[in-house]
Visitor: 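If you scroll down you'll find the structure; I have some questions about it.
Note that the structure is predicted; figures quoted are calculated from it, not measured. Chain A is the first sequence line, chain B the second, and so forth, proteins listed ahead of strands; every chain is numbered from 1.
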There are 4 protein chains.
Amino acid sequence: MPKLGMEPIRRDALVKATIAEIGAAGSLDVTVARIAKRAGMSSALAHHYFGGKDQILVAAMRHILTLFGAEVRGALAMADTPRARIDAIVRASFSPANFRTETIGAWLAFYVQAQTSPDARRLLAIYRRRMRSNLLAGFRPLLADRAEIAAETVGALIDGVYIRQALRQGAMGRDDAVILVNKCVTGLVGEGH
Amino acid sequence: MPKLGMEPIRRDALVKATIAEIGAAGSLDVTVARIAKRAGMSSALAHHYFGGKDQILVAAMRHILTLFGAEVRGALAMADTPRARIDAIVRASFSPANFRTETIGAWLAFYVQAQTSPDARRLLAIYRRRMRSNLLAGFRPLLADRAEIAAETVGALIDGVYIRQALRQGAMGRDDAVILVNKCVTGLVGEGH
Amino acid sequence: MPKLGMEPIRRDALVKATIAEIGAAGSLDVTVARIAKRAGMSSALAHHYFGGKDQILVAAMRHILTLFGAEVRGALAMADTPRARIDAIVRASFSPANFRTETIGAWLAFYVQAQTSPDARRLLAIYRRRMRSNLLAGFRPLLADRAEIAAETVGALIDGVYIRQALRQGAMGRDDAVILVNKCVTGLVGEGH
Amino acid sequence: MPKLGMEPIRRDALVKATIAEIGAAGSLDVTVARIAKRAGMSSALAHHYFGGKDQILVAAMRHILTLFGAEVRGALAMADTPRARIDAIVRASFSPANFRTETIGAWLAFYVQAQTSPDARRLLAIYRRRMRSNLLAGFRPLLADRAEIAAETVGALIDGVYIRQALRQGAMGRDDAVILVNKCVTGLVGEGH
DNA sequence: CATGAATGAGTTTTCATTCAT
DNA sequence: TATGAATGAAAACTCATTCAT
């Protein structure tokens with residue numbers, strides 16, 4: 001069985017298994033053994049490739065963030081007006097992939113992990129900076145100096161709607177989420193838009 | 001010399017110690033031993049009074065929610081216009097007690113616990129229902145049938161701002177938080193208010 | 001079973017079990033589980049009382065050193081001439097308790113541990129200082145300024161004879177060891193004594 | 001491109017890497033992986049050539065002993081009086097190569113290993129026999145029937161001084177070591193020599 | 001000849017929980 | 001009421017060793 005070039009395959013499988021496991025468990029209380037099993041290998045191999053549990057977790061988080069970033073970039077590429085840019089970000093935030101219970105659970109768990117892990121915090125900070133600068137680029141042409149606060153508001157609102165989804169019960173659909181945030185955006189940029 | 005009626009005192013001490021410990025740790029990875037030590041008793045006694053770790057955790061969450069509820073009620077009592085009611089809720093949400101890093105950390109941790117513990121989820125659902133109905137009571141006179149979405153928006157925004165505070169870095173102050181949310185409220189209810 | 005005041009009993013049992021286990025294994029490759037089992041308790045309890053494996057090991061070393069120190073002190077108390085003092089130290093070094101294969105194995109293992117553990121090194125340094133000052137007190141009246149080198153020589157010789165004993169094969173008896181070192185002492189202090 | 005006759009090269013590299021690694025670690029707690037890495041090959045290859053960790057360790061020990069033996073032989077070749085022979089052995093024992101912290105650490109570690117590994121014990125026994133017969137050859141012409149005990153004494157003293165060096169702190173230099181042992185030799189063979 | 005891949009067995013350590021007193 | 005004592009179960013992590021290529 002042992003072929004060459006297994007490392008990227010194994011790492012990838014582990015990252016995906018980690019997200020799945022966290023999502024299923026709803027928390028970071030996930031054992032390396034379970035992750036490895038789900039990924040179809042021994043826990044020793046997981047350690048071999050990642051060095052330790054924390055690094056597996058961080059890699060999983062990075063993966064989610066990367067996917068999200070790609071989604072945003074893809075949506076932004078098709079947006080040609082400022083308002084469309086904002087819309088694109090909102091839509092990407094609540095895209096099917098991001099809105100899966102699994103992903104939300106993992107995301108929430110990472111928030112908690114960021115409380116103690118510098119690596120996790122750094123990643124989350126990067127995500128937030130990007131989000132902010134993307135929103136700002138959309139709001140600036142529309143609101144000039146009021147763009148800052150608008151970006152902050154929409155950023156927080158997205159996070160809030162997203163996090164509320166974590167309580168599976170009484171959750172709203174993706175479309176509802178998009179509509180809700182968009183209504184707020186409309187309120188911020190004024191009736192004229 | 002064992003005194004009578006120690007139970008409420010012990011329970012209270014444990015609940016407070018739990019919140020402090022969770023806040024300090026930034027996660028639910030808190031041992032019963034540490035909580036009990038902080039509360040000045042043996043872990044065996046903690047078990048005796050609560051039956052198990054999960055129940056201690058839930059009691060702590062209930063405590064936070066109760067405090068928050070009292071704060072909201074107190075603020076609402078002094079509000080005599082719909083807008084003032086909304087304002088009161090926002091202010092209470094970011095009150096000094098609620099905005100302490102400790103409390104935020106505990107709150108976040110409970111969100112995660114709600115993923116797996118039905119008790120925790122129920123408590124969180126109650127909090128959300130109350131929040132929603134309170135906001136609705138404020139928005140209804142101002143927005144009629146658009147009140148629902150406004151309440152949902154502000155609720156989510158509060159959660160979002162709150163949760164963002166958990167990343168201690170780049171956080172905003174209480175006043176800024178209140179102002180941010182209020183700006184959004186103003187946008188929702190229109191210029192006239 | 002759980003009575004009060006078990007701690008010193010348990011600690012003592014663990015220390016003795018550790019020495020026995022190290023002696024039996026002939027190296028520090030000894031598991032906490034085995035030590036605990038020999039001491040009649042779970043490994044968890046061993047950790048509870050000592051905090052970790054290293055501390056158990058250091059405690060065992062300290063125990064050996066304490067025993068040795070007591071033996072030397074006892075022997076010295078009965079010595080009334082300088083030469084008798086030196087003799088007492090030599091005899092104590094090769095006392096039955098110290099010359100047991102178990103003890104020698106443990107001693108040797110600790111030498112190795114001192115390479116990496118600061119605690120172990122400190123203990124060994126203390127032992128050496130005491131040994132040196134004791135020998136010096138014996139040699140000074142006899143050799144004046146040549147006492148230093150004599151003390152160093154006899155100290156090293158004792159260690160050498162002792163360590164050679166670790167290779168069970170071709171070892172000498174206690175009496176032979178004492179005679180050997182004493183011959184050297186006689187050579188050092190001159191024929192007249 | 002696998003070359004022919006790599007075996008001796010690989011084995012040699014592994015042996016040297018082993019000694020270096022043991023010396024650096026100060027104990028036998030050395031992994032095959034680290035040794036192999038230091039020797040520039042995979043751990044699998046190390047196993048291939050030696051069969052197992054223990055055998056690698058024993059080979060390393062044999063290497064040290066061989067070096068030491070050669071050094072002694074070289075020094076003896078230039079000695080033309082009995083006393084010079086003894087001197088040569090002492091000097092070789094504390095030669096720069098043997099007195100390196102690395103070597104001393106490895107030596108000490110092997111002493112411990114000899115407690116459990118018959119192979120290691122056999123090697124150490126050989127070393128001791130040689131040492132003894134070499135010293136005896138020097139002492140016999142000088143001391144006749146007292147040569148035995150003198151050889152034993154000096155052998156043990158060399159070991160003792162050597163082992164004391166392992167506690168890096170408060171160690172003496174090579175020259176001091178030689179002087180110390182020589183003073184003892186002088187004492188043993190008497191003033192006239 | 002050489003190695004990346006893979007793992008089973010073992011080690012330390014932690015912790016919620018139980019129990020006799 | 002209160003606790004020190006005690007442990008079983010599980011977790012992360014390590015490592016010598018094997019094997020297909």
Visitor: Measure from CZ on B/R34 to P on E/dC15 and round the result to the nearest Å.
Guide: 9 Å
Visitor: In whole angstrom, what separates A/L57's CG from F/dC13's P?
Guide: 11 Å
Visitor: Output the single nucleotide from F/dA2, E/dT13, E/dT7 whose closest atom is nearest the side chain of A/M41.
Guide: E/dT7
Visitor: If you compare every side-chain N and O of A/R10 against the phosphate oxygens of E/dA6 (OP1, OP2), does one of them come in below 4.0 Å?
Guide: yes
Visitor: Without decimals, in angstroms, what is the distance between B/Q55 CD and E/dA16 C1'?
Guide: 13 Å
Visitor: How close or far is atom P of F/dA9 from atom NE2 of C/H48, stated in whole angstroms?
Guide: 20 Å
Visitor: Taking atom P of F/dA12 as reference, at what distance in whole Å does atom CD1 of A/I35 sit?
Guide: 8 Å
Visitor: Rounding to an integer number of Å, can you tell me how far C/K53 NZ sits from E/dG10 P?
Guide: 15 Å
Visitor: Does some side-chain heavy atom of B/D29 sit less than 4.5 Å from a side-chain heavy atom of A/D29?
Guide: yes
Visitor: As a test of reading the structure: which of F/dA6, F/dA12, E/dA6 is closest to the side chain of A/V32, going by heavy atoms?
Guide: F/dA12
Visitor: Just wondering, do A/Y127 and A/W107 contact through their side chains at under 4.5 Å, heavy atoms?
Guide: yes
Visitor: Taking the side chain of A/S43 as heavy atoms from C-beta outward, which of E/dA5, E/dT7, F/dC13 is closest to it?
Guide: F/dC13
Visitor: Need to verify one output field. Residue with the more 5' nearest nucleotide on DNA chain E, C/T31 or A/E7?
Guide: A/E7
Visitor: Using Watson-Crick or G-U wobble geometry with both distances under 3.5 Å, which nucleotide pairs with E/dA5?
Guide: F/dT18
Visitor: Could you tell me whether B/F50 contacts a base, only the sugar-phosphate backbone, or nothing, with contacts defined as non-hydrogen atoms closer than 4.0 Å?
Guide: nothing
Visitor: Let me know, please, whether B/G40 or C/L45 comes out on the 5' side of the other along DNA chain F by nearest nucleotide.
Guide: B/G40
Visitor: Can you check whether D/I64 reaches D/I19 side chain to side chain, under 4.5 Å on heavy atoms?
Guide: yes
Visitor: Do B/M61 and B/L124 have side chains that get closer than 4.5 Å, going by heavy atoms?
Guide: yes
Visitor: Nearest to the C/Y49 side chain among F/dA6, F/dC13, F/dT17, which nucleotide is it?
Guide: F/dA6
Visitor: Starting at atom CG of D/D54, determine the distance to atom P of F/dT17, rounded to an integer number of angstrom.
Guide: 7 Å
Visitor: Judged by each residue's nearest nucleotide on DNA chain F, which is more toward the 5′ side, C/A44 or D/A44?
Guide: C/A44
Visitor: Return whichever of A/P8 or C/G52 has its heavy-atom-nearest nucleotide of DNA chain E closer to the 5' end.
Guide: A/P8
Visitor: Whole angstrom is fine here: how far is it from CD1 in D/I56 over to P in F/dC15?
Guide: 14 Å
Visitor: Of the options A/L28, A/V32, A/V30, which is the one that meets A/E21 in a side-chain contact (heavy atoms from CB on, under 4.5 Å)?
Guide: A/V30
